[in-house]
Amino acid sequence: MALPVRARGAANPAAHEIYAVVRAIPRGKVATYGQVAELAGLPSGHRAVARAMRTCPARLPWQRVVGRKDARRAQISIQEHEHAALQRSLLEREGVSFDDAGFIVLARSGWLPQ
DNA sequence: CAGGTGACTCTTT
DNA sequence: GAAAGAGCCACCT
C-alpha cells in the first residue's frame, strides 16, 4: 500500500523534513509556511513548503499549514476556492476557530512547538 | 541556459 | 493602516 506519491516537488531532500514537520502539527492547531520552513531547517524556504503542499502530498495534514496574515492571525492561502473551503471545513472540524473576518487567531489556534 | 511563476513573508512608502 | 516592492526557493516553459 501507500505507494509514496512521487510528486514532482517532493524530489528534493528537504521535502522529507517538511513532511515530518507538517505531520508533527497537533490536531486543532495550525502552523504557517514560514514556521514549517524554519522548523524543517529552511529558514527562508517558505516557498518550498508551499510547493511541497501544492504537489498533493500523501497522508499529510496539509490543512494545518496556513498563510500568515500578520503577527496575530493566519489565513487560508489556497487559491482554488473548493480546496480552500475544504481546508476550512477540515480545520473547523478539528476545533480550529475562525473569527468573523475568516482569520485564524494564532494566539488561540497557532501551534507552539516545544 | 534564461525568464516567468506561485498554497510566502518581511520591509518600506 | 493599507499598498507596493523586494527577497526567497523550486519548478516549468
Side-chain angles (χ1 to χ4, degrees):
Chain A
M1 70 99 182
L3 207 285
V5 172
R6 305 206 300 103
R8 277 160 287 158
N12 60 317
H16 178 77
E17 297 302 318
I18 291 173
Y19 292 154
V21 173
V22 174
R23 267 193 297 262
I25 303 173
R27 197 164 180 280
K29 296 290 181 182
V30 298
T32 67
Y33 292 90
Q35 186 177 7
V36 172
E38 187 172 34
L39 292 172
L42 302 167
S44 299
H46 35 67
R47 287 290 204 185
V49 175
R51 185 70 55 179
M53 296 300 100
R54 196 210 142 213
T55 54
C56 234
R59 322 305 175 79
L60 209 64
W62 57 269
Q63 70 274 20
R64 295 179 192 150
V65 182
V66 296
R68 191 181 190 195
K69 171 76 177 168
D70 55 46
R72 304 174 198 260
R73 315 176 213 214
Q75 182 182 50
I76 291 173
S77 299
I78 299 177
Q79 296 182 353
E80 292 176 82
H81 183 74
E82 291 183 20
H83 287 190
L86 172 62
Q87 178 170 27
R88 174 164 178 163
S89 180
L90 289 171
L91 290 177
E92 290 184 318
R93 179 178 290 180
E94 293 186 353
V96 174
S97 57
F98 290 72
D99 64 14
D100 294 338
F103 298 121
I104 298 167
V105 179
L106 294 176
R108 182 184 168 89
S109 303
W111 179 35
L112 298 175
Q114 302 176 352

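Only a predicted model underlies this, so the values are computations on that prediction, with no experimental measurement involved. Each chain gets a letter, A, B and so on, in the order its sequence line appears, and its residues count up from 1.
Qualifying side chain to side chain contact (heavy atoms under 4.5 Å, CB included) partners for Ala85(A), counting only residues two or more places apart in sequence or in other chains: none. Partners of Arg73(A) according to the salt bridge (charged side-chain N to carboxylate O under 4.0 Å, His left out) rule, which considers only residues two or more places apart in sequence or in another chain, are Asp99(A). A search for salt bridge (charged side-chain N to carboxylate O under 4.0 Å, His left out) contacts involving Asp70(A) returns nothing, not counting sequence neighbours. Among residues two or more places apart in sequence or in another chain, the salt bridge (charged side-chain N to carboxylate O under 4.0 Å, His left out) test is passed with Glu94(A) by Arg64(A). When the side chain to side chain contact (heavy atoms under 4.5 Å, CB included) test is applied to Ala50(A), the partners found at least two apart in sequence or on another chain are Tyr33(A).
Judged as a side chain to side chain donor-acceptor pair (under 3.5 Å), the pairs with a partner in residues 83-92 of chain A (not counting sequence neighbours) are, in order, Arg88(A)-Glu92(A). Applying the side chain to side chain donor-acceptor pair (under 3.5 Å) test to every pair with at least one member in residues 34-50 of chain A, sequence neighbours left out, gives no pairs at all. For the side chain to side chain donor-acceptor pair (under 3.5 Å) condition, the pairs that include at least one residue of residues 102-111 of chain A, sequence neighbours left out, are Ser97(A)-Arg108(A).
Looking at residues 96-109 of chain A, you'll see that no heavy atom sits under 4.0 Å from any atom of DNA chain B. Of the residues in residues 20-41 of chain A, those placing a heavy atom less than 4.0 Å from an atom of DNA chain B are Thr32(A), Tyr33(A), Gly34(A), in numerical order.
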Which atom pairs link the protein and nucleotides 1-6 of chain B when you take only N or O atoms and keep those under 3.5 Å?
unit_1	atom_1	unit_2	atom_2	d
dG6(B)	N2	Arg51(A)	NH2	3.1
dG6(B)	N3	Arg51(A)	NH2	3.1

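With rounding to whole Å, Asp70(A) atom CG is found 16 Å from dC8(B) atom P. We find that CZ of Arg73(A) is positioned 19 Å from C1' of dC8(B), with the value rounded to whole Å. Met53(A) places its CE atom 14 Å from the C1' atom of dC9(C), with the value rounded to the nearest Å. Separating the CZ atom of Arg72(A) from the P atom of dG1(C) is a distance of 9 Å, rounded to the nearest angstrom. Computed from coordinates, the Gln75(A) CD to dC8(B) P distance equals 11 Å when rounded to whole Å.
The structure places CE of Met53(A) at 10.5 Å from CH2 of Trp62(A), a figure rounded to the nearest 0.5 Å.
Across all their heavy atoms, Ala84(A) and Ile76(A) have their closest contact at O-CD1, 3.6 Å.
Considering only heavy atoms from C-beta on, Pro61(A) stays 4.5 Å or farther from Ile25(A) through its side chain.
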